[in-house]
Amino acid sequence: MVCKLVVFDCDYTLWPFQVRKSFELPLQRNSITGELEDKNGNILQPYSESPLVINTLAARDIKMAVASMNSQLEFIKEMFKEFGWIDHFTTIEAYSIFNKQCHLKNIQKKTGIDFHEMLFFDDSSHHVEAVSQLGVKGVVIDKEIGVTLEVVLSSIELI
């Protein structure tokens, strides 16, 4: 089976923090260090391999989407813009709900891609198990290191 869409959670999958609990808009670059900061000067950085993963998938023309229980959609979009990722994502589903089946169903409706052609990465085994009931292959990410290129590429080979 060919992987046509890779879906990522954000918090503890693409970056090592939970947006809804710690950060505030607006975002800006520190004039001295160039680091991305929130309104209160908190530094916002993705996991070390997240940019490599996203750029590699984009170069291979693999579509990407977000399924996040984080209800801070505008914050996520701003971070994606600042990280240079926004144009690589087909859709961003970010809202609080019991499990991610709803997110994946909405992504499926918007993209027309079958569930069995999707690959989903999340730090929560609960969410991975929930979407697997739809036929989506899910992979639990270690929240200490986040998504890695090795895990993503090996998972694509297994789909």
One thing to verify: whether K100 and E93 come together as a salt bridge, which I'm taking to mean a side-chain N less than 4.0 angstrom from a carboxylate O.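 No.
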
Side-chain heavy-atom pair [X], [Y] within 4.5 angstrom cut-off:
| X | Y | value |
| --- | --- | --- |
| M118 | F115 | yes |
| F121 | V151 | yes |
| P46 | W85 | yes |
| E82 | R29 | yes |
| I141 | F8 | no |

If two hydrophobic side chains count as joined below 4.5 Å and joins carry through other members, does [X] share a cluster with [Y]?
| X | Y | result |
| --- | --- | --- |
| L25 | I43 | no |
| Y95 | Y12 | no |
| W15 | F89 | yes |

If I take atom [atom1] from residue [X] and atom [atom2] from residue [Y], how far apart are they, to the nearest 0.5 angstrom?
| X | Y | atom1 | atom2 | result |
| --- | --- | --- | --- | --- |
| N70 | I92 | CG | CD1 | 11.0 Å |
| Y47 | L14 | OH | CG | 9.5 Å |
| Q72 | F23 | CD | CZ | 11.5 Å |
| S155 | E150 | OG | CD | 9.5 Å |
| I54 | I86 | CD1 | CD1 | 10.5 Å |

Compare every heavy atom of N99 with every heavy atom of H126, then report the nearest pair and how far apart it is.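 Heavy-atom minimum between the residues: NE2-CB, 4.0 Å.
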
Does K110 have more than 12 heavy atoms from other residues, nucleotides or ligands lying within 6.0 Å of its NZ?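 Check passes, neighbour count above 12.
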
Counting only heavy atoms from other residues, nucleotides and ligands, does the tally under 6.0 Å from CZ of R60 exceed 12?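 Incorrect, the count does not exceed 12.
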
Hey, which of I113, L57, V152, L119 is the one that makes side-chain contact (heavy atoms from CB on, under 4.5 Å) with C3?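 Result for side-chain contact (heavy atoms from CB on, under 4.5 Å) with C3: L119.
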
Just by modelled atom types, is the V66 backbone N or O under 3.5 Å from a matching donor or acceptor in the H103 side chain?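 Answer holds: no.
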
Side-chain donor or acceptor of D114 paired with backbone N/O of H116 under 3.5 Å: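 Absent.
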
Are the aromatic ring centres of F80 and H88 under 6.0 angstrom apart?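 Distance test on ring centres: not under 6.0 Å, no.
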
